[in-house]
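Working notes, beginning with the structure itself.
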Amino acid sequence: MDFRRVRATGTVAAWLLGLGLLLVLASSSLAAEKQWSPGDSSIAASPAGAVEEVAPAASSGEKGPDPWQKMNRAIFDFNEFADVYVLAPTARGWAFITPHFFHVAIRNFNDLILMPTILFNDVLQLEGEHAMQDLGRLMFNASFGLLGLIDVATYMGIPQNDADFGETLGYWGVPSGPYLVLPLFGPSTVRGGVGRLGDGAGTFYFSYLPIWATFLVRGVDIISWRSEHLEDVDLSRRESLDYYVFMRDAYLQLRRVKIDEARGISTQTSLEDDDLYFYDEFDDEPEEDDLETDGQGSESRGELSPAASESAGKHGS
Amino acid sequence: MISRMHGGELRRFLQWGVFISLIACLVPPAGLAQDADALTTRPVEVVEKTVGEVIDVLGTPGLTDAERRVRIEKIAFAVFDFTTLSKLVLARNWKRLDKAQRQEFVPEFKKYLSRNYGSRLGSYEKADVEVLGARVEPRKDVTVFTQVDGSDFNGIAMNYRMRLGKGDWKVIDIVIEGVSMLANFRAQFSEVISREGPEGLLEAMRKRNSEPEEES
């Protein structure tokens, strides 16, 4: 009993800390964003204007979204090492001894443990509809779904939402800060890292299981998830020219879309049009109009020494 | 004339006036909406046709992986304009490539893409694709919104950014769940170029393209 109480006060303290941080950050950003006031009459008011997101595309490559690239790459390499030598082999074994439906059940069970935190974030993001849906999921899956093992809510047509605390912070205008790779947790930003702390505290606070069991379920779910994505990850690793940048860009794009969605900005693509789809009008010479000549290009290979091409490159820029 | 009307006539006149001006207000937006539809008709057709053909090939029994790949490449290559795609993916860095390098980059990039997507084709088996709508973008691009039904990618949103070029609409980007493939490649390529220059990028692509492909 004592144990439970200690745990409860600890997690409440963590939440209060997170909330306090949220309020401080939100108020400072609201002060900067004058066109939106908390007393805005429209109910669907989401803070207008774009959040200061890290731009996923770095055209120069020097600083851009990733000023801490050196450190991030080191952590990323460590994570890759941990994945290749620990997580992936475990997941392979796991996939060998457990059937797919078991992974699904674990996933559902885990989702139920996460659901109160998601619900909490729905409320913080003023997403009334999502909150109702997630409350419905929580109730139906906990009861008819046998403590979450079966996802009856999906069969009933209740969509699954996922909201997290990093997203909530973004919703309230907290800038993402630089890209940050977290040890073991992977791609994130400074804001995402704070969000993870908040969500972690929430998960353990709201979980109806003791701490060790919550850890266990989360751990098994991660292994289970990894075992379902063995091939995808291998393909991405093998195909990308720079796996670190592949992951960084995919993460930053996804986050941007999710936060835009939460803020009611429908972008569909995560980048500014001018950023992505319009190269400078480089007065194209007509003969360059179609370079799609298979095989021919390879003939010119090797004619240029790296040094020569380098100087040509410098000249061009 | 109005001054000579009786009260009732005046009211009726005003009512008609209001009615007609309301109609007049309503008509132009409807007309514009139709224009937008007209603009998106062809790009939507192109996406539907292409996706339909690919699904047909995937559903054809008795094809070897290689045969399948050849057929799909033929369909896919018709809707991509690889020169435009190369310029878009390299953006400002395109200028850093000299003519020979550009001439080499385009086919290498084509090969690179075809290998990447070719190796993932297996996951699309038994997939169906539903066109949800389309939107006209700035500078007359059109985005076609689709959703995958079935297969490993059930429920995934796949949007095709289309641009009119060389006689028909071409795909210039595929946006999967909000992640632009073009932007992702661009980030990677720009990283490689900033570290190793254009020749370094070409070298990396040559190396990647000459690796033996794994059977999926």
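Within every chain, numbering begins at 1; the chains are lettered A, B, ... in the order of the sequence lines, protein sequences first and strands thereafter.
Residues A:D249 and B:A187 share a closest heavy-atom pair of OD1-CB, 3.8 Å. Taking all atoms of both residues into account, the shortest heavy-atom contact from A:E239 to B:Y112 is O-OH, 2.5 Å. Here the closest non-hydrogen pair linking A:Q253 and B:G178 is OE1-O, 3.5 Å.
Looking only at distances, a side-chain donor or acceptor of B:R208 sits under 3.5 Å from a matching main-chain atom of A:S240.
No part of B:F109 comes within reach of chain A, as not one of its non-hydrogen atoms sits under 4.5 angstrom from that chain. Using a 4.5 Å cut-off between heavy atoms, B:R195 contacts chain A through its side chain alone, with no backbone atom that close.
Residues B:V192 and A:V245 are not in side-chain contact: their nearest non-hydrogen atoms beyond the backbone lie 4.5 Å or more apart.
In this structure, B:E211 places its CD atom where more than 12 heavy-atom neighbours from other residues, nucleotides or ligands lie under 6.0 Å away.
Applying side-chain contact (heavy atoms from CB on, under 4.5 Å) to A:L241 and the options B:E191, B:Q188, B:K207 leaves one that passes, B:Q188.
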